[in-house]
Asks: 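Questions regarding the structure given below will be posed in turn.
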2 protein chains.
Amino acid sequence: MKPPRSSKNDVFLRYKLWLSAVSGEGIIGESSYKLLRTVEELGSLKAASEFLGVSYRKAWGDIKNSEELLGYDLTEKHRGGVGGGKSELTNKAKNLLEAYDALHKKMDIAIEDAYEDFKEKIK
Amino acid sequence: MKPPRSSKNDVFLRYKLWLSAVSGEGIIGESSYKLLRTVEELGSLKAASEFLGVSYRKAWGDIKNSEELLGYDLTEKHRGGVGGGKSELTNKAKNLLEAYDALHKKMDIAIEDAYEDFKEKIK
DNA sequence: GTTCGATATGTTAATGATTTCATATCGCCT
DNA sequence: AGGCGATATGAAATCATTAACATATCGAAC
């Protein structure tokens with residue numbers, strides 16, 4: 001019988017990419033990216049946090065933290081009004097997310113590439 | 001006056017790279033890499049964990065976990081004897097660390113590259 | 001001017017990760 | 001044979017992160 005193409009002990013490569021402040025503290029990573037994109041789509045932080053299964057408290061705190069570290073707002077917050085309130089992305093946030101996206105795509109390609117090499121070496 | 005080259009709110013890019021099992025569980029990352037390299041250098045897990053300021057219990061558990069996930073040993077362990085015992089890297093471990101190293105170097109270059117682009121976009 | 005639902009934020013509870021502690025085993029050396 | 005110091009590993013304690021809870025505030029719409 002021929003050996004399996006992939007064994008239980010196969011290794012894969014994973015990576016995380018994030019923006020950080022000089023202090024080293026993380027500003028935006030995968031989870032904040034997703035959160036902001038979901039806010040963009042759903043129009044509110046409440047809805048976004050629920051959709052992503054994370055507490056509102058944390059989602060709110062994360063965004064606040066990012067904003068403080070960046071020195072500018074990522075969301076325009078509105079209290080009251082239709083539906084109780086809403087949040088939407090600022091243009092700066094949209095721009096940032098776009099750039100983050102492009103960055104990630106580049107890294108995905110780079111890692112794909114490096115992975116081939118890596119597998120060869122550890123074989 | 002000319003503006004500062006770098007403000008408090010500058011952002012940097014950081015990334016983590018690790019090997020994972022199919023399950024998604026991490027096998028070797030930055031910390032295990034360092035730990036293994038230190039074991040290689042100092043000849044014992046105890047010395048390495050102390051040098052790195054991590055508990056022996058955790059260091060030992062991390063290596064054991066890695067080995068179980070990989071399905072082979074990363075260290076040759078010796079109990080008793082001169083100095084009470086020692087640990088050294090297996091050839092497979094050395095090979096793996098070399099490959100990890102090369103991988104990291106490639107990624108460093110890729111990210112350096114992507115960063116230029118990124119900065120331009122968020123300016 | 002009352003109602004509604006989201007934003008805003010402090011406080012406390014639960015969960016997870018890591019360290020500490022405790023204890024056993026092994027094998028060279030004297 | 002007994003001591004020494006590192007490996008081996010379970011159990012309890014501590015620390016960090018996240019979730020839950022609790023309340024206040026806001027403003028459009030009715």
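A, B, ... follow the sequence lines: proteins, then strands. Residue 1 opens every chain. Excluded from the calculations below are hydrogen atoms, water molecules and symmetry mates; all remaining heavy atoms, backbone and side chain alike, are included.
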Asks: Give the B/S/- string for nucleotides 25-30 of chain C, one per nucleotide from 5' to 3', where a protein heavy atom under 4.0 Å of the base yields B, of only the sugar-phosphate yields S, and otherwise -.
Replies: BBBSS-
Asks: Could I get the full list of side chain to side chain donor-acceptor pair (under 3.5 Å) partners for A:Glu50, not counting sequence neighbours?
Replies: A:Lys46
Asks: Compute the centroid of each ring, for B:Phe118 and then for A:His104, and state whether the two points are separated by less than 6.0 Å.
Replies: no
Asks: If you measure only the distance, is there a donor-acceptor pair under 3.5 Å linking the side chains of B:Glu67 and B:Thr75?
Replies: yes
Asks: With distance as the sole criterion, is a donor-acceptor pair present between the side chains of A:Thr90 and A:Lys92 under 3.5 Å?
Replies: no
Asks: Do the side chains of B:Val11 and B:Ile122 get nearer than 4.5 Å, heavy atoms only?
Replies: yes
Asks: Hey, does the side chain of B:Ser87 come within less than 4.0 Å of D:dT7's phosphate (OP1/OP2), counting only N and O?
Replies: yes
Asks: Distance-only check: which donor-acceptor pairs under 3.5 Å involve side-chain atoms of residues 19-28 of chain B, not counting sequence neighbours?
Replies:
unit_1  : atom_1 : unit_2  : atom_2 : d
B:Ser20 : OG     : A:Arg14 : NE     : 3.3
B:Ser23 : OG     : B:Glu25 : N      : 3.2

Asks: What is the distance from NE2 of A:His78 to C1' of C:dA8, rounded to the nearest Å?
Replies: 15 Å
Asks: Is A:Trp60 close to A:Asp62 at the side-chain level, that is, under 4.5 Å between some pair of heavy atoms?
Replies: no
Asks: Report the residues that fulfil ring-ring contact (aromatic ring centres under 6.0 Å, His included) with A:Tyr33, sequence neighbours left out, ordered by chain and then residue number.
Replies: A:Tyr100
Asks: What's touching nucleotides 12-14 of chain D from the protein side, N or O pairs under 3.5 Å?
Replies:
none

Asks: In residues 39-63 of chain A, which ones come under 4.0 Å of DNA chain D, going by heavy atoms?
Replies: A:Val54, A:Ser55, A:Arg57, A:Lys58
Asks: May I ask you to verify if any side-chain N or O of B:Lys64 is less than 4.0 angstrom from the OP1 or OP2 atom of D:dT9?
Replies: yes
Asks: Would you confirm whether A:Asp117, through its side chain, and B:Leu103, through its main-chain N or O, come within 3.5 Å as a donor-acceptor pair?
Replies: no
Asks: Might you confirm whether atom CZ of B:Phe51 has over 12 heavy atoms from other residues, nucleotides or ligands at distances under 6.0 Å?
Replies: no
